Amino acid sequence: MPDPRDHHDELDPGASEALGARVAAAAATVYAPPALRARLAAQRSADAAPRRRPRVTLPALAGAAGALAAVVVAVVLLAGGGSHGASTPSVDDAVAVALARPTAPAPPVDAGDEHLVQAQVGGVQFPNYGYTWPAWRLTGARHDRLGGRPATTLVYRGPAGAVGYTIVDGAPLPEPAGARHVRAGGLELAVIRRGGATVVTWRRGGHTCVLATRAPRAERQLVRFATWA
């Protein structure tokens, strides 16, 4: 049922003309300044002129729709709706960068403590594994953003191959599905396999740490790395 409020501001054309006639008659008997009379006369002339409705063509509608679509796409991209938005990253995202090639030189050893190197994320400093295991040396680093969060990776190379160690800034990441838990060195470690790689992940200082390697039979060494202190 139509809502009577939808038409409360509209008048029937005949009623509008009658009202205009009554106003004109009243105006003739009431004194008004010449300027006001001129404005009333001009208004009556404008009301009497035939009105043409604007024509909207199909090409114009298509152009407007195209412009609207472009605006929607721009808003989605600016809001981070693309594949690189600021959604919560996963451990699998950290594994991907841990296994990637380094893009920056290796940081130097910390002069104040040779057990560590001059690189940290959120107060969690990276270790110098070569201090304890001379066969392992630091070969490079990379800096990424996962879901808008900084993530730093150091790459160590030893007899069996390369191991990437990634620390993701911010709150701990959700634990990966299918993880096997190992308790060692006072830490709760999660061990997973991803695409032929062995991964050990844990939490330190409120952040997620990830060690990953494609070297065979590497779980024991990764556990040693994770619990090193």
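Being a predicted model, the structure only gives us computed values, none of them experimental.
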key: Side-chain (T166) to main-chain (T153) donor-acceptor, under 3.5 angstrom   = no
ask   = So, does R137 use its side chain to make a donor-acceptor pair with the main chain of G130 at under 3.5 Å?
value = no
request  = Please state whether the rings of Y131 and H115 are parallel, tilted or perpendicular, taking 30° and 60° as the class boundaries.
outcome  = tilted
ask   = If you take all heavy atoms of V121 and V168, which pair is closest and at what distance?
value = CG1-C, 4.2 Å
ask   = Is there a donor-acceptor pair closer than 3.5 Å between any side-chain N or O of T227 and the backbone N or O of A184?
value = no
inquiry  = Checking L187 against R204 for the side chain to side chain contact (heavy atoms under 4.5 Å, CB included) test, could you report, in this order, the C-alpha distance in whole Å, the side-chain angles of both residues, the deciding distance, and whether it holds?
reply    = CA-CA 9 Å; L187 294 176; R204 187 186 295 277; 3.8 Å; yes
request  = State the NE2-OG1 distance between H143 and T103, to the nearest 0.5 angstrom.
outcome  = 7.0 Å
ask   = Which atoms form the tightest heavy-atom contact between A215 and A218, and what is the distance?
value = O-CB, 3.4 Å
message = Please report the interatomic distance CG(L222) to OG1(T201), rounded to the nearest 0.5 Å.
response = 11.5 Å
request  = Consider only side-chain heavy atoms of I, L, V, M, F, W and Y, link residues closer than 4.5 Å, and tell whether V155 and V109 are in one cluster.
outcome  = no
message = Using ring centroids (six-membered ring only for Trp), state whether F225 and W202 fall under 6.0 Å.
response = no
ask   = Would E175 and V91 count as a side chain to side chain contact (heavy atoms under 4.5 Å, CB included) if you check the C-alpha gap in whole Å, the side-chain angles of each, and the deciding distance to 0.1 Å?
value = CA-CA 7 Å; E175 186 173 291; V91 168; over 6 Å; no
Residue pair H181 / L189, side-chain heavy-atom distance below 4.5 Å = no
query = Taking atom CG of L146 and atom CG of D92, what is their separation to the nearest 0.5 Å?
reply = 11.5 Å
task = Decide side chain to side chain contact (heavy atoms under 4.5 Å, CB included) for R149 and T88; before the verdict, give the C-alpha distance in whole Å, the side-chain angles of both, and the deciding distance to 0.1 Å.
result = CA-CA 9 Å; R149 303 188 192 184; T88 302; 4.0 Å; yes
query = Do you know which two heavy atoms are closest between A226 and V200, and how far apart they sit?
reply = CB-CG1, 4.2 Å
task = Would you name the heavy atoms of P150 and R145 that are closest together and state the gap between them?
result = CG-NH1, 3.8 Å
task = Enter the distance from R142:CZ to L154:CG here, rounded to the nearest 0.5 Å.
result = 12.0 Å
Minimum heavy-atom distance between A212 and V199, given as atom pair plus value = CB-CG2, 4.0 Å
I167 CD1 to H207 NE2 distance, which is reported to the nearest 0.5 Å = 8.5 Å
message = To the closest 0.5 Å, what do you measure between CZ (R180) and CD1 (I192)?
response = 11.0 Å
inquiry  = Could you check whether any side-chain heavy atom of L138 comes within less than 4.5 Å of a side-chain heavy atom of N128, counting everything from C-beta outward?
reply    = no
note = Correct closest heavy-atom pair for P107 and Q118 would be CB-O, 3.7 Å
inquiry  = Under a 3.5 Å distance rule, please check whether D110 uses its side chain to pair with a backbone N or O of L116 as donor and acceptor.
reply    = no
key: Option from Y129, F126, W136 for which ring-ring contact (aromatic ring centres under 6.0 Å, His included) with Y156 holds   = Y129
